[in-house]
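Numbering starts at 1 and runs along the sequence shown.
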Amino acid sequence: MIEFSTNGLILMGGIFLLAGVLMTKFSSRAGVPSLVLFMIIGMVLGSDVSGLIYFSNAEIAQLVGIVALIFILFEGGLQAKWKHIQPVLGGSLSLATIGVVITTTIVAVTANYILDISWLEAFLLGSIVGSTDAAAVFSVLAGQNIKSKISSTLEAESGTNDPMAMFLTIAFIQLITLPETSIGTMFVSFILEMGLGAVFGVALGFLASWTLNRIRLDASGLYPVLSAGFAIFIYSATAMLHGSGLLAVYLAALVIGTRQ
(Lines give C-alpha, C1' and ligand atoms only; values in the text may rest on other atoms or scores of the structure.)
Protein backbone atom coordinates (compact mmCIF):
# COMPACT_ATOMS: atom_id res chain seq x y z
CA MET A 1 0.00 0.00 0.00
CA ILE A 2 1.32 3.45 -0.92
CA GLU A 3 0.99 6.49 1.34
CA PHE A 4 0.04 9.54 -0.71
CA SER A 5 0.67 13.16 0.20
CA THR A 6 -1.83 15.91 -0.61
CA ASN A 7 -0.06 16.71 -3.88
CA GLY A 8 0.13 13.01 -4.66
CA LEU A 9 -3.60 12.60 -4.19
CA ILE A 10 -4.29 15.61 -6.42
CA LEU A 11 -1.93 14.19 -9.06
CA MET A 12 -3.67 10.81 -8.91
CA GLY A 13 -7.05 12.52 -9.22
CA GLY A 14 -5.89 14.32 -12.36
CA ILE A 15 -4.52 11.11 -13.85
CA PHE A 16 -7.80 9.31 -13.18
CA LEU A 17 -9.81 12.12 -14.79
CA LEU A 18 -7.62 12.05 -17.91
CA ALA A 19 -7.73 8.26 -18.04
CA GLY A 20 -11.50 8.33 -17.65
CA VAL A 21 -11.97 10.61 -20.65
CA LEU A 22 -9.58 8.58 -22.79
CA MET A 23 -11.21 5.29 -21.79
CA THR A 24 -14.63 6.66 -22.68
CA LYS A 25 -13.34 7.40 -26.19
CA PHE A 26 -11.72 3.98 -26.47
CA SER A 27 -14.76 2.12 -25.15
CA SER A 28 -17.11 3.80 -27.63
CA ARG A 29 -14.93 2.62 -30.53
CA ALA A 30 -14.47 -0.87 -29.11
CA GLY A 31 -18.15 -1.28 -28.24
CA VAL A 32 -17.34 -1.98 -24.58
CA PRO A 33 -19.15 0.01 -21.84
CA SER A 34 -16.67 2.39 -20.21
CA LEU A 35 -18.04 1.37 -16.81
CA VAL A 36 -16.50 -2.08 -17.28
CA LEU A 37 -13.07 -0.54 -17.84
CA PHE A 38 -13.45 1.68 -14.78
CA MET A 39 -14.34 -1.35 -12.65
CA ILE A 40 -11.33 -3.30 -13.93
CA ILE A 41 -8.95 -0.44 -13.13
CA GLY A 42 -10.47 -0.08 -9.67
CA MET A 43 -10.07 -3.79 -8.98
CA VAL A 44 -6.46 -3.79 -10.20
CA LEU A 45 -5.43 -0.74 -8.17
CA GLY A 46 -7.48 -1.72 -5.12
CA SER A 47 -6.65 -3.95 -2.19
CA ASP A 48 -7.94 -7.12 -3.87
CA VAL A 49 -5.23 -7.23 -6.57
CA SER A 50 -2.23 -4.91 -6.40
CA GLY A 51 -2.94 -3.23 -3.06
CA LEU A 52 -1.70 0.13 -4.33
CA ILE A 53 -4.79 1.87 -2.94
CA TYR A 54 -6.45 0.65 0.23
CA PHE A 55 -9.71 2.35 1.14
CA SER A 56 -11.88 1.36 4.10
CA ASN A 57 -13.73 4.52 5.17
CA ALA A 58 -17.44 3.67 4.94
CA GLU A 59 -18.62 7.24 5.61
CA ILE A 60 -16.59 8.74 2.78
CA ALA A 61 -17.58 5.88 0.47
CA GLN A 62 -21.25 6.55 1.23
CA LEU A 63 -20.86 10.28 0.63
CA VAL A 64 -19.02 9.83 -2.67
CA GLY A 65 -21.50 7.17 -3.78
CA ILE A 66 -24.55 9.31 -3.05
CA VAL A 67 -23.10 12.39 -4.76
CA ALA A 68 -22.16 10.32 -7.80
CA LEU A 69 -25.63 8.75 -7.93
CA ILE A 70 -27.22 12.21 -7.72
CA PHE A 71 -25.35 13.36 -10.82
CA ILE A 72 -25.92 10.05 -12.65
CA LEU A 73 -29.68 10.20 -12.10
CA PHE A 74 -29.77 13.92 -12.86
CA GLU A 75 -27.92 13.44 -16.14
CA GLY A 76 -30.16 10.50 -17.04
CA GLY A 77 -33.28 12.52 -16.37
CA LEU A 78 -32.01 15.41 -18.49
CA GLN A 79 -31.40 13.08 -21.43
CA ALA A 80 -34.85 11.51 -21.17
CA LYS A 81 -37.94 13.19 -22.59
CA TRP A 82 -41.45 12.99 -21.18
CA LYS A 83 -42.91 12.25 -24.63
CA HIS A 84 -40.75 9.12 -24.72
CA ILE A 85 -41.31 8.17 -21.07
CA GLN A 86 -45.09 8.62 -21.00
CA PRO A 87 -46.03 5.69 -23.29
CA VAL A 88 -43.86 3.26 -21.26
CA LEU A 89 -44.51 4.74 -17.81
CA GLY A 90 -46.62 1.81 -16.58
CA GLY A 91 -44.12 -0.83 -17.63
CA SER A 92 -41.18 1.14 -16.27
CA LEU A 93 -42.77 1.64 -12.85
CA SER A 94 -43.75 -2.03 -12.71
CA LEU A 95 -40.15 -3.05 -13.39
CA ALA A 96 -38.84 -0.48 -10.89
CA THR A 97 -41.09 -1.75 -8.08
CA ILE A 98 -42.51 -5.25 -8.64
CA GLY A 99 -39.50 -6.19 -10.75
CA VAL A 100 -37.10 -5.22 -7.97
CA VAL A 101 -39.13 -7.22 -5.44
CA ILE A 102 -39.12 -10.30 -7.71
CA THR A 103 -35.38 -10.03 -8.32
CA THR A 104 -34.76 -9.54 -4.60
CA THR A 105 -36.82 -12.64 -3.82
CA ILE A 106 -35.00 -14.80 -6.38
CA VAL A 107 -31.60 -13.72 -5.06
CA ALA A 108 -32.76 -14.24 -1.46
CA VAL A 109 -33.99 -17.79 -2.10
CA THR A 110 -30.74 -18.63 -3.89
CA ALA A 111 -28.61 -17.08 -1.12
CA ASN A 112 -30.55 -18.88 1.61
CA TYR A 113 -30.07 -22.20 -0.17
CA ILE A 114 -26.41 -21.81 -1.18
CA LEU A 115 -24.96 -19.69 1.65
CA ASP A 116 -27.13 -21.16 4.40
CA ILE A 117 -27.95 -17.79 5.96
CA SER A 118 -31.15 -16.60 7.60
CA TRP A 119 -34.08 -15.41 5.50
CA LEU A 120 -33.72 -11.81 6.66
CA GLU A 121 -30.03 -11.82 5.80
CA ALA A 122 -30.81 -13.43 2.44
CA PHE A 123 -33.43 -10.80 1.62
CA LEU A 124 -31.00 -8.06 2.68
CA LEU A 125 -28.47 -9.44 0.20
CA GLY A 126 -31.17 -9.64 -2.46
CA SER A 127 -32.29 -6.06 -1.90
CA ILE A 128 -28.71 -4.81 -2.21
CA VAL A 129 -28.27 -6.35 -5.68
CA GLY A 130 -31.93 -6.32 -6.74
CA SER A 131 -31.93 -3.13 -8.81
CA THR A 132 -30.25 -2.31 -12.09
CA ASP A 133 -27.43 0.21 -11.93
CA ALA A 134 -28.41 3.51 -13.55
CA ALA A 135 -24.84 4.31 -14.60
CA ALA A 136 -24.45 0.93 -16.28
CA VAL A 137 -27.76 1.17 -18.12
CA PHE A 138 -27.20 4.73 -19.35
CA SER A 139 -23.66 3.81 -20.42
CA VAL A 140 -24.65 0.63 -22.26
CA LEU A 141 -27.64 2.18 -24.03
CA ALA A 142 -25.81 5.30 -25.16
CA GLY A 143 -25.37 5.30 -28.91
CA GLN A 144 -26.77 1.77 -29.33
CA ASN A 145 -29.22 0.84 -32.07
CA ILE A 146 -32.11 -0.12 -29.78
CA LYS A 147 -35.80 0.46 -30.35
CA SER A 148 -36.95 3.70 -28.78
CA LYS A 149 -39.68 2.05 -26.69
CA ILE A 150 -37.32 -0.52 -25.19
CA SER A 151 -34.60 2.05 -24.58
CA SER A 152 -37.02 4.47 -22.90
CA THR A 153 -38.43 1.68 -20.72
CA LEU A 154 -35.01 0.58 -19.52
CA GLU A 155 -33.79 4.13 -18.92
CA ALA A 156 -36.90 5.11 -16.96
CA GLU A 157 -36.75 1.89 -14.94
CA SER A 158 -33.07 2.29 -14.09
CA GLY A 159 -33.67 5.88 -13.03
CA THR A 160 -36.58 5.07 -10.70
CA ASN A 161 -35.66 1.71 -9.14
CA ASP A 162 -32.97 3.00 -6.78
CA PRO A 163 -35.50 4.38 -4.25
CA MET A 164 -37.22 0.98 -4.10
CA ALA A 165 -33.94 -0.90 -3.65
CA MET A 166 -32.74 1.56 -1.02
CA PHE A 167 -36.03 1.26 0.89
CA LEU A 168 -35.87 -2.54 0.86
CA THR A 169 -32.25 -2.49 2.03
CA ILE A 170 -33.00 -0.13 4.93
CA ALA A 171 -36.17 -2.09 5.79
CA PHE A 172 -34.38 -5.43 6.09
CA ILE A 173 -31.53 -3.87 8.08
CA GLN A 174 -34.14 -2.49 10.46
CA LEU A 175 -35.89 -5.85 10.71
CA ILE A 176 -32.57 -7.54 11.53
CA THR A 177 -31.46 -4.99 14.12
CA LEU A 178 -34.94 -4.21 15.49
CA PRO A 179 -37.11 -7.36 15.18
CA GLU A 180 -40.09 -5.60 16.77
CA THR A 181 -40.41 -3.23 13.79
CA SER A 182 -43.94 -3.16 12.34
CA ILE A 183 -44.35 -4.11 8.67
CA GLY A 184 -47.35 -1.79 8.44
CA THR A 185 -45.31 1.15 9.68
CA MET A 186 -42.62 0.50 7.09
CA PHE A 187 -45.23 0.29 4.32
CA VAL A 188 -46.71 3.66 5.33
CA SER A 189 -43.19 5.09 5.48
CA PHE A 190 -42.53 3.80 1.95
CA ILE A 191 -45.68 5.41 0.55
CA LEU A 192 -44.87 8.69 2.30
CA GLU A 193 -41.25 8.65 1.14
CA MET A 194 -42.13 7.97 -2.50
CA GLY A 195 -44.98 10.49 -2.45
CA LEU A 196 -42.84 13.28 -1.04
CA GLY A 197 -40.06 12.43 -3.48
CA ALA A 198 -42.44 12.68 -6.43
CA VAL A 199 -44.07 15.93 -5.24
CA PHE A 200 -40.82 17.71 -4.38
CA GLY A 201 -39.10 16.40 -7.50
CA VAL A 202 -41.75 17.78 -9.86
CA ALA A 203 -42.21 21.05 -7.94
CA LEU A 204 -38.50 21.80 -7.60
CA GLY A 205 -37.95 20.67 -11.18
CA PHE A 206 -40.35 23.37 -12.40
CA LEU A 207 -38.58 25.89 -10.16
CA ALA A 208 -35.16 24.91 -11.49
CA SER A 209 -36.41 24.96 -15.09
CA TRP A 210 -37.96 28.40 -14.63
CA THR A 211 -34.70 29.69 -13.13
CA LEU A 212 -32.44 28.19 -15.79
CA ASN A 213 -34.61 29.52 -18.63
CA ARG A 214 -34.79 33.07 -17.29
CA ILE A 215 -31.57 33.79 -15.48
CA ARG A 216 -28.77 35.51 -17.41
CA LEU A 217 -25.34 34.63 -16.06
CA ASP A 218 -22.15 36.44 -17.04
CA ALA A 219 -20.33 33.25 -18.03
CA SER A 220 -21.82 30.26 -19.87
CA GLY A 221 -19.71 27.92 -17.74
CA LEU A 222 -21.80 28.86 -14.71
CA TYR A 223 -24.93 27.16 -16.06
CA PRO A 224 -23.63 23.61 -15.44
CA VAL A 225 -22.59 24.71 -11.95
CA LEU A 226 -26.07 26.10 -11.33
CA SER A 227 -27.63 22.85 -12.57
CA ALA A 228 -25.35 20.80 -10.32
CA GLY A 229 -26.29 23.02 -7.40
CA PHE A 230 -29.97 22.42 -8.09
CA ALA A 231 -29.38 18.66 -8.24
CA ILE A 232 -27.67 18.56 -4.86
CA PHE A 233 -30.21 20.95 -3.33
CA ILE A 234 -33.19 18.93 -4.58
CA TYR A 235 -31.78 15.69 -3.19
CA SER A 236 -30.76 17.07 0.19
CA ALA A 237 -33.93 19.14 0.75
CA THR A 238 -36.16 16.19 -0.09
CA ALA A 239 -34.13 13.73 1.99
CA MET A 240 -34.17 16.03 5.02
CA LEU A 241 -37.97 16.10 4.80
CA HIS A 242 -37.93 12.27 4.77
CA GLY A 243 -38.76 11.95 1.09
CA SER A 244 -36.91 9.97 -1.56
CA GLY A 245 -34.16 12.31 -2.68
CA LEU A 246 -33.07 10.00 -5.51
CA LEU A 247 -36.56 9.88 -6.99
CA ALA A 248 -36.86 13.65 -6.61
CA VAL A 249 -33.59 14.25 -8.47
CA TYR A 250 -34.58 12.04 -11.41
CA LEU A 251 -38.08 13.54 -11.73
CA ALA A 252 -36.74 17.09 -11.42
CA ALA A 253 -34.18 16.43 -14.15
CA LEU A 254 -36.94 14.92 -16.32
CA VAL A 255 -38.98 18.11 -15.90
CA ILE A 256 -35.96 20.30 -16.67
CA GLY A 257 -34.95 18.29 -19.72
CA THR A 258 -38.49 18.31 -21.11
CA ARG A 259 -38.96 22.05 -20.65
CA GLN A 260 -35.63 23.16 -22.15
Side-chain angles (χ1 to χ4, degrees), residues 16-17 20-21 24 33-35 38 60-86 88-89 92-93 95-97 100 131-143 151-167 193-215 217 219-260:
F16 283 164
L17 288 175
V21 174
T24 302
S34 57
L35 185 64
F38 294 150
I60 294 180
Q62 181 186 32
L63 176 62
V64 173
I66 289 177
V67 173
L69 190 55
I70 290 172
F71 291 125
I72 290 170
L73 292 175
F74 192 74
E75 194 272 341
L78 289 177
Q79 296 299 322
K81 300 296 181 182
W82 175 247
K83 64 180 180 180
H84 297 151
I85 299 296
Q86 187 177 11
V88 299
L89 185 61
S92 300
L93 292 179
L95 289 174
T97 53
V100 172
S131 66
T132 55
D133 181 75
V137 172
F138 296 149
S139 174
V140 170
L141 294 181
S151 177
S152 298
T153 301
L154 294 176
E155 288 181 355
E157 185 274 337
S158 65
T160 55
N161 64 18
D162 289 298
M164 183 67 179
M166 181 174 289
F167 170 79
E193 185 175 330
M194 295 300 109
L196 288 175
V199 171
F200 281 108
V202 173
L204 294 176
F206 275 103
L207 174 62
S209 176
W210 182 88
T211 304
L212 290 169
N213 287 329
R214 284 166 175 77
I215 194 171
L217 299 176
S220 59
L222 292 177
Y223 287 98
V225 178
L226 180 61
S227 299
F230 268 119
I232 296 175
F233 170 77
I234 291 170
Y235 170 85
S236 57
T238 305
M240 290 186 66
L241 294 173
H242 304 289
S244 174
L246 298 178
L247 179 61
V249 166
Y250 182 78
L251 292 179
L254 182 60
V255 171
I256 297 172
T258 303
R259 290 171 57 86
Q260 292 302 307

Residues L247 and A198: closest non-hydrogen pair is CD2-N, 4.0 Å
Could you measure the distance from the OG1 atom of T238 to the CZ atom of F233? Nearest 0.5 Å is fine.
8.0 Å
In Å, rounded to the nearest 0.5 Å, how long is the span from CE of M166 to CG of L69?
6.5 Å
Considering non-hydrogen atoms only, spot the tightest contact between Y223 and I215 and give its length.
OH-O, 3.3 Å
Tell me the closest heavy-atom pair linking M164 and A96, and the distance in Å.
CB-O, 3.4 Å
Of all the heavy-atom pairs spanning I234 and A252, show the shortest one and how long it is.
CD1-CB, 3.5 Å
Side-chain donor or acceptor of S209 paired with backbone N/O of G205 under 3.5 Å:
no
Does the pair Y235 and I66 meet the rule for a side chain to side chain contact (heavy atoms under 4.5 Å, CB included), with working shown?
CA-CA 10 Å; Y235 170 85; I66 289 177; 3.6 Å; yes
Measure the spacing between CG of L73 and CZ of F71 and express it to the nearest 0.5 Å.
11.5 Å
Nearest heavy atoms of I70 and V249, plus distance in Å:
O-CG1, 3.5 Å
List the steps, then state whether side chain to side chain contact (heavy atoms under 4.5 Å, CB included) holds for F167 with S244.
CA-CA 9 Å; F167 170 79; S244 174; over 6 Å; no
To the nearest 0.5 Å, what is the distance between CD1 (I232) and OG (S227)?
11.5 Å
Quick check: closest heavy atoms across A208 and I256, and the distance to 0.1 Å?
CB-CD1, 3.6 Å
